[in-house]
Amino acid sequence: MVSALPPAVTPGNPGGVRGWVGHIVRTASSILEGLAVTLSWAFRRPYTIQYPDKVEVPVPETLPEAYRGILEVDLRLCTGCLQCEKTCPIQCISISIEKGEDAVRRLTRFDIDISRCMYCGLCSESCAFDALAHSNQFEAARQDISELTLHFVREPVPVARHKAGEAPPRRPRGEILREVLPGLGPVMSPPARDRRAGQGDPSSGEGKP
Amino acid sequence: MLRLIAQRLQSWLNLPGETGAVLPALAVMLGAALLAFVFIAFFAGPVTWWERRVAGRVMSRIGPNRVGPQGVLQWLADGLKSFLKEDIVPAAADRPLFLFAPYLFFGGYMATFVVLPFGAHLVATDLSVGLLYLIAISGLVVVGILMAGWGSNNKWALFGGIRSAAQLVSYEIPSAFSLLAVVLATGTLSMQGIVRAQGGWPWEWLLFRNPLLFGMFFVSFAASLAENNRTPFDLPEGESELVAGYHVEYSGMRFLWFMFAEWGNLWVIASLATVGFLGGWQIPGVRPEVIDQSTGWAFAGWQALSFLVFAGKASMLVLFAIQIRWTLPRLRVDQMMIVCWKYLVPLALLGSAGVLVLVALVPEGSPVDWFLRAVSLGLGLWLIIAYVRKARAAYLADREPYRRLEGKDPWYPPYRLP
Ligand code: SF4
Ligand code: SF4
């Protein structure tokens with residue numbers, strides 16, 4: 001095996017005993033060089049930080065507007081058109097609408113199974129009323145997977161019937177989600193939220209172009 | 001029953017004295033074995049965490065930091081996890097070999113603890129052929145690895161086993177020859193004898209006795225890294241080629257035995273080098289006779305102090321081995337053989353022959369002896385200074401770019417916890 005390979009010749013190495021010594025010197029000095037580099041890293045700031053304890057700004061607030069986090073639906077805007085339910089390729093949205101005796105259509109169920117959702121964004125694209133949108137939240141680890149089915153409807157609500165331009169503005173990103181999915185955020189300990197106070201409004205301008 | 005076993009043992013081992021005297025002796029043996037085991041467990045465990053932290057800093061990240069303060073209890077979590085995992089034996093495995101291999105592997109390493117002197121009198125037994133015993137008994141490990149590799153009935157495992165056999169057998173030679181230099185310089189094979197032939201101060205260590213022994217230290221250290229499958233010689237495991245080598249089929253507790261031995265073994269490497277070259281447990285400024293003649297609490301105090309000195313030196317070497325692991329890439333198989341046969345073996349042979357000549361010609365305490373010591377001390381100092389200066393240069397070279405990029409100073413010394 002060893003003899004089948006060409007002899008280890010380095011450029012500029014004379015070979016023979018001098019070459020042999022040269023190899024040893026080279027090896028020793030390059031090992032020293034390498035050790036010095038790794039030693040120097042012991043004195044440099046690591047690029048990573050301890051998550052979530054030492055995060056300066058909560059990660060959701062640093063995410064771009066187009067970030068596709070956990071879905072949330074604003075029931076004040078939802079017209080019950082069922083577009084989202086039909087679009088979802090894996091059927092993780094289920095909506096029920098009932099017509100009461102007063103002939104008002106009411107949403108009785110709006111469930112999203114975020115444990116199955118793949119965050120493709122098709123549903124929010126197809127929502128023409130800006131009701132369904134992605135929040136900037138992603139930390140929703142739970143002990144029980146059934147807790148990840150979000151029930152947005154607490155009690156039946158009439159479907160929205162706004163004229164164009166009269167719809168109420170969307171609530172800040174992630175606020176609705178916080179109501180239906182308690183204990184959102186890093187599981188270990190709360191990050192220092194105050195650092196970012198007064199630095200722009202993360203809620204502004206959600207939605208479509 | 002117990003008495004019968006004792007009688008048998010006594011006749012086999014040819015021990016003198018009453019039959020009853022064997023029982024306490026057995027108890028002491030068992031106790032000592034348990035103590036060694038506990039020591040390995042409490043060394044190997046935390047050192048896995050420590051190694052991962054060092055690796056983290058070398059790679060500009062933090063390393064394990066969630067279990068316990070700064071992640072120090074990570075090893076307990078890992079151990080518990082392995083403990084609870086299913087112990088799978090492949091259907092096609094050679095069952096007895098597969099089941100027994102981890103214990104042989106572990107036993108080979110643990111048996112070396114018999115002669116390792118932890119302190120002035122903290123040694124299980126001071127064999128007169130201690131060094132020879134140590135070199136011989138660590139050969140058991142090859143059998144364990146080969147058994148694991150063969151018994152797994154897996155080509156990766158078999159490759160790992162064969163590679164390891166080739167590697168261990170080859171590197172025994174430079175390792176033994178470089179230790180021969182120690183034996184030639186001290187005139188004894190007993191571990192305590194080797195330690196006592198040195199002194200507490202650096203210029204009394206064998207490392208700085210003469211420049212040849214200084215070189216032998218590195219040959220010996222490299223050879224023992226290779227013997228213990230540490231990077232850059234971790235070919236038997238080579239995860240990029242062999243998944244995990246000889247222990248690829250192991251799981252659960254059996255896998256843990258391999259891991260135990262591997263990290264426990266770091267201690268063996270480090271203590272062997274400490275005993276051979278760094279003056280062992282010798283306390284600077286205290287003659288070993290003082291320790292021998294002390295009694296009571298003073299005696300216990302000296303033991304503790306000498307253990308601390310020993311553990312301190314050994315820990316520095318462990319750190320060094322860890323740093324080497326995260327600095328150097330793995331060698332190729334042919335390179336590994338070239339390093340052994342073309343470089344380490346001739347170096348070890350020449351070195352030990354040179355040491356023999358020096359020991360014969362230069363009496364201890366003569367001016368030439370002091371000159372040689374001064375030269376090797378200077379060599380060591382020069383190496384350390386060059387090392388630190390190079391590290392500083394590497395740091396300074398990247399400081400300005402980092403500042404421009406991150407707006408922060410990169411200074412973050414190791415004592416500053418992340
Ligand atoms: S994001 Fe995709 S997968 Fe998730 S609910 Fe919407 S359409 Fe379905
Ligand atoms: S969320 Fe949007 S798409 Fe879905 S039913 Fe309501 S209005 Fe229609």
Side-chain angles (χ1 to χ4, degrees), chain A residues 1-10 13-57 59 62 139 141 185-192 195-196 199, chain B residues 54-63 65-66 70-71 166 215 218 222 232 320 322-329 332-339 341-344 346-347 383 386-399 402 406 408-418:
Chain A
M1 175 181 54
V2 174
S3 57
L5 285 153
V9 174
T10 11
N13 191 299
V17 174
R18 267 184 61 212
W20 186 76
V21 175
H23 277 290
I24 293 172
V25 171
R26 237 178 225 241
T27 309
S29 62
S30 66
I31 288 176
L32 184 69
E33 209 76 47
L35 286 173
V37 170
T38 46
L39 178 71
S40 83
W41 276 97
F43 294 91
R44 302 189 202 188
R45 188 184 299 276
Y47 273 94
T48 55
I49 38 173
Q50 235 186 53
Y51 182 86
D53 295 349
K54 302 281 171 79
V55 192
E56 288 186 357
V57 181
V59 177
T62 65
E139 291 158 319
V187 189
M188 297 300 182
S189 52
R195 300 239 185 160
R196 173 103 176 179
Q199 234 191 68
Chain B
V54 173
R57 287 310 289 271
V58 168
M59 298 173 183
S60 192
R61 54 187 176 83
I62 301 171
N65 57 40
R66 302 289 338 170
Q70 294 294 323
F218 294 99
F320 184 52
I322 289 176
Q323 201 196 344
I324 285 190
R325 171 165 181 187
W326 297 102
T327 303
L328 301 179
R332 230 166 41 212
V333 179
D334 61 316
Q335 290 170 334
M336 182 263 288
M337 282 297 168
I338 288 172
V339 166
W341 293 105
K342 279 167 105 173
Y343 294 94
L344 289 186
L347 275 179
L383 212 58
Y387 178 45
V388 173
R389 284 186 52 153
K390 276 178 193 296
R392 196 179 120 84
Y395 170 81
L396 288 181
D398 285 350
R399 189 168 67 178
Y402 186 94
E406 302 279 323
K408 279 183 273 188
D409 199 75
W411 181 247
Y412 205 88
Y415 50 80
R416 205 174 136 185
L417 296 173

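Chain naming here is simple, since letters A, B, ... match the order of the sequence lines and numbering starts at 1 in each.
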Exercise for the section: Report the C-alpha distance between B/Val339 and A/Thr27 in whole Å, list the side-chain angles of each, state the deciding distance to 0.1 Å, and finish with yes or no for side-chain contact (heavy atoms from CB on, under 4.5 Å). Expected result: CA-CA 10 Å; B/Val339 166; A/Thr27 309; over 6 Å; no

Problem - Atom pair CD1/OG1 of B/Ile322 and A/Thr38 - distance to nearest 0.5 Å - result: 12.0 Å

Practice task
Search all heavy atoms of B/Ile62 against all heavy atoms of A/Thr48 and return the closest pair with its distance.
Solution key: N-OG1, 3.5 Å

Handout entry: chain A contact via B/Leu396 - which portion, at a heavy-atom distance below 4.5 Å
Key = neither

Problem - chain A contact via B/Phe218 - which portion, at a heavy-atom distance below 4.5 Å - result: neither

Problem - Closest-packed option against chain A by number of heavy-atom pairs under 4.5 Å, given B/Gly56, B/Ala394, B/Ser60 - result: B/Ser60

Problem - Donor-acceptor under 3.5 Å (A/Arg44 side chain, B/Arg57 main chain) - result: no

Practice task
First locate atom OH of B/Tyr387, then atom CG of A/Leu39, and finally report the distance between them rounded to the nearest 0.5 Å.
Solution key: 4.0 Å

Completion exercise
Correct closest heavy-atom pair for B/Trp411 and A/Arg45 would be O-NH2, 4.1 Å

Completion exercise
Smallest heavy-atom separation, A/Phe43 atom then B/Tyr395 atom, equals O-CE1, 3.8 Å

Completion exercise
Output for pair (A/Ser40 OG, B/Arg399 CZ), nearest 0.5 Å, gives 12.5 Å

Fill in the blank from the handout: When rounded to the nearest 0.5 Å, the distance separating CG of B/Asp398 from CH2 of A/Trp41 is 6.5 Å

